[in-house]
Structure formats: structure tokens, C-alpha cells
Amino acid sequence: MARSSMAAVLAVLAVAALRCAPAAAELPLVEHPAKNDGSLSLLVIGDWGRNGTYNQSRVADQMGKVGERLDIDFVVSTGDNFYEDGLTGVHDQQFEESFTNIYTAQSLQKPWYLVLGNHDYRGNALAQLDPVMRKLDERFVCMRSFIVNAEIVEFFFIDTTPFQLKYWTHPKDSHYDWRGVAPRENYIANLLKDLDEAMKKSTAKWKIAIGHHTIRSVSDHGDTKELLQLLLPVLKVNGIDFYINGHDHCLEHISSRDSPIQYFTSGGGSKAWRGVYQPNDDKLQFFYDGQGFMSLQLNQDQADFIFYDVSGKVLYKWSSRKTNYFQPSIYVTAE
């Protein structure tokens with residue numbers, strides 16, 4: 001993105017920041033124009049911030065190469081941006097050591113739209129949300145829940161950590177920063193209402209939800225029952241095409257058996273290889289237990305997903321086509 005375009009995004013964010021209260025009637029909205037031909041390209045990475053270790057730097061290098069080849073418009077982070085316990089504050093050196101100094105390729109000097117993960121909540125969660133972070137690195141755009149409107153597609157970024165009851169009732173040795181979130185029930189009720197209203201208003205050809213936690217997964221964390229019970233009905237009734245998450249340190253694609261929704265996990269940004277496989281009731285299309293990332297290319301008619309490993313090798317490809325705006329998606333799977 002040209003610096004003038006980056007400046008335009010940041011100007012919109014200044015307004016969006018005024019609408020970030022937990023009980024806000026509207027979710028913050030960021031306008032990110034598609035390319036002149038109406039298409040959009042992006043990368044998705046999750047569970048990454050480890051000072052370059054556990055192959056984080058190798059994944060970053062390959063992201064740079066793929067990002068240049070696809071001429072990406074931005075990067076999406078599915079959370080757990082800084083391990084093990086988030087940031088201590090806005091001046092924590094880990095911000096530079098795990099982000100600015102790692103993702104240095106020219107193609108990655110685009111906006112990064114990020115959600116918080118559970119590990120981010122174990123530190124000073126407000127630090128990542130502070131606009132001062134954009135003064136340290138203008139790419140870093142992190143809010144609790146927000147919308148990115150890219151013309152042909154709207155991305156609904158969702159703060160999923162507060163949904164998980166165990167973080168509140170059984171935090172073990174961890175401390176979670178619930179400032180601006182507690183009480184849990186009110187926060188979740190307001191968020192679901194705001195999401196439902198925003199999704200109903202959307203006229204985008206594609207609607208994509210982004211969260212940290214899995215809804216469906218065959219890896220270590222498995223399905224998240226609170227999201228199945230509370231969030232998934234909102235996604236279904238509003239015709240969300242894809243739900244993209246991290247949390248499990250792997251790459252996977254699962255197809256819903258009772259709706260058109262497709263679940264994609266991109267959580268292989270650094271430490272991986274959990275060695276866990278636990279099937280669920282939906283259809284597993286692809287599962288890779290290692291490090292890597294995902295690309296997504298969209299136009300009016302088609303969405304193309306590709307998973308890459310730590311060396312940049314293509315592991316899996318899948319496409320979704322919409323032959324008519326008012327007809328259900330036609331899904332085509334190809335490895």
C-alpha cells in the first residue's frame with residue numbers, strides 16, 4: 001500500500017478509536033479499498049510472537065516472498081501476538097523484537113489487522129489496543145472487535161477470549177486483563193448484538209469472521225463449546241461464508257455439514273507440532289500439524305485459499321465460487 005493509502009487508513013482509525021467502548025452501538029469500522037480491478041489479496045498468520053524463535057523468522061521470510069508475489073493488500077493476525085504473556089506495556093521491547101524486527105519484507109509493510117488471543121490477555125491487553133502502538137509501527141492495527149470493509153468483502157474481527165468461561169473461573173497461574181471487558185455476561189451480550197446488527201447491514205459479496213479461538217478444530221484445543229453455543233448461531237443466520245481463527249498451532253480446513261460455513265485455522269506462526277488429532281462431527285478437508293501461514297485472494301466471483309509451510313511449499317489449495325450474488329456458494333475442493 002502506498003503511504004498515502006496507509007495514511008487514509010490511519011485517519012479512519014482515529015475516528016474508529018472513539019467508538020471502542022464495550023457497550024458501543026456500532027463496531028469500529030475501517031475502510032480498506034480493494035485494488036482497482038476490485039480484487040483483494042491478503043495473508044493470514046496466527047500464534048507467532050516469540051522473538052523469532054520456533055521458526056517464526058522462517059515463516060516471516062516466506063510470508064514476505066508470497067506477499068510480494070500476490071501483491072497483498074494487508075495481513076490478518078488471528079491473535080496470540082506476543083508470548084507467553086502478551087506485552088507488559090506500550091514500551092515493551094518484545095513489540096519490536098517479535099513484530100517490527102521480524103516482519104521486515106517490503107511486501108509486509110502494509111496494514112496488519114489483529115485480534116487479541118488468550119496469551120495477549122495474560123499481559124497488559126490495553127497496551128496492544130493503545131493507538132500509541134501505531135506511532136511505534138504504523139502497520140499495527142489492533143482492536144477488540146471491529147470491521148474492515150474492503151468493498152467486495154467485509155471482515156468481522158471478533159474478540160473471542162472473553163467467551164471462554166475457564167479463563168474467568170479457572171485461570172490457573174495466569175492473570176487475565178479484563179479491564180474494559182468485565183462483567184463477562186454484559187460484554188458478550190453487547191458484542192453479539194453489535195455483530196448481529198453489523199452483519200445484517202452488510203451488503204458485501206463476501207462476509208468473513210475472524211477470531212482467535214477455534215469453533216471447529218481437530219487439533220489440541222478442539223472445538224470451543226462457548227463459540228458453538230453463542231457465536232456460531234449469529235454467523236449462520238447472517239450468511240457468514242468463512243470463519244478464520246488461530247489458537248491451535250496448525251493449519252486446517254473444516255467444512256460444516258449443516259451450513260455453508262467453512263472453518264480455517266491459521267495458527268502456525270511459530271511453535272507447533274502438538275501431535276494431537278481428535279476428529280469432530282464436521283468434515284475435515286485438510287490438517288497440517290506444523291508451522292506455516294495462509295493466503296486468501298478474493299474477487300467478485302471467487303475466493304482462493306492456499307496454505308504454505310515453513311519453506312514456502314504449497315500444502316493445500318481450495319476455492320469457493322459464487323456464480324450468482326443471491327445464490328448459495330458452490331464449493332470446489334482441490335489439493
### Task
Check whether the side chains of Arg50 and Gln56 place a donor and an acceptor atom closer than 3.5 Å, and report yes or no.
no
### Query
Between Phe82 and Phe95, what is the ring plane arrangement, given parallel below 30°, perpendicular above 60°, and tilted in between?
tilted
### Query
Should the ring pair Phe155 and Phe157 be called parallel, tilted or perpendicular, given that the plane angle runs from 0 to 90° and is split at 30 and 60?
tilted
### Query
With a 3.5 Å cut-off and no angle check, do the side chains of Thr100 and Asp137 form a donor-acceptor pair?
yes
#### Entry: Asp73/Lys35 under side-chain contact (heavy atoms from CB on, under 4.5 Å): CA gap, chis, key distance, verdict
CA-CA 8 Å; Asp73 298 281; Lys35 293 182 173 68; 2.6 Å; yes
## Note on the structure
Exactly one of Phe74, Trp112, Phe99 clears ring-ring contact (aromatic ring centres under 6.0 Å, His included) with Phe140, and that residue is Phe99
### Task
Consider only side-chain N and O atoms of Trp273 and Gln291, and report whether a donor and an acceptor are under 3.5 Å apart.
yes
### Message
Under a plain distance cut-off of 3.5 Å, with no hydrogens placed, do Asn118 and His212 share a side-chain donor-acceptor pair?
### Response
yes
### Glu68, CD: over 12 other non-hydrogen atoms inside 6.0 angstrom
no
### Query
Just checking, any donor-acceptor pair under 3.5 angstrom between side chains of Arg179 and Asn124?
yes
### Task
Start with the C-alpha distance between Lys193 and Glu197, add both sets of side-chain angles, then the distance that settles salt bridge (charged side-chain N to carboxylate O under 4.0 Å, His left out), and finish with yes or no.
CA-CA 6 Å; Lys193 179 176 179 290; Glu197 291 178 355; 2.8 Å; yes
### Query
Do Asp47 and Tyr83 have a side chain donor and acceptor closer than 3.5 Å?
yes
#### Entry: Side chains of Asn81 and Gln128, donor plus acceptor under 3.5 Å
yes
### Query
Does a side-chain heavy-atom distance below 4.5 Å link Ile158 with Val115?
no
### Message
Taking ring-ring contact (aromatic ring centres under 6.0 Å, His included) as the criterion, tell me which of Trp178, Tyr167, Phe163 meets it with Tyr121.
### Response
Trp178
### Query
What is the ring orientation for His221 with His247, classed by angle as parallel under 30°, tilted 30 to 60°, or perpendicular over 60°?
parallel
### Query
Is it true that the side chains of Thr265 and Asp248 contain a donor and an acceptor less than 3.5 Å apart?
no
### Query
Taking the side chain as C-beta and beyond, is there a heavy-atom pair between Ile306 and Tyr316 under 4.5 Å?
no
### Query
Taking atom types as modelled, is there a side-chain donor on Trp48 or Ser98 under 3.5 Å from an acceptor on the other?
no
#### Entry: Polar side-chain atom of Thr224 near backbone of Leu227 as donor-acceptor pair, under 3.5 Å
no
### Query
Cut-off 3.5 Å, side chains only: do Lys207 and Asn238 have a donor facing an acceptor?
no
### Query
Would Arg216 count as a cation-pi partner of Tyr263, with NZ or CZ less than 6.0 Å from the six-membered ring centre and within 45° of the ring normal?
no
### Message
Side chains of Asp37 and Ser39 only: does a donor on one sit below 3.5 Å from an acceptor on the other?
### Response
yes
### Query
Are Asn101 and Glu96 close enough that a side-chain donor and a side-chain acceptor fall under 3.5 Å?
no
### Task
Report the C-alpha separation of Leu296 and Asp304 in whole Å, then their side-chain angles, then the decisive distance to 0.1 Å, and conclude whether the side-chain contact (heavy atoms from CB on, under 4.5 Å) test is met.
CA-CA 6 Å; Leu296 172 57; Asp304 296 319; 5.9 Å; no
### Flag if over 12 foreign heavy atoms under 6.0 Å of NZ, Lys200
yes
### Task
Can you see which heavy atom on Leu70 is nearest to which on Tyr308, and at what distance?
CD1-OH, 4.0 Å
### Message
Any donor-acceptor pair under 3.5 Å linking the side-chain atoms of Ser217 with those of Glu252?
### Response
yes
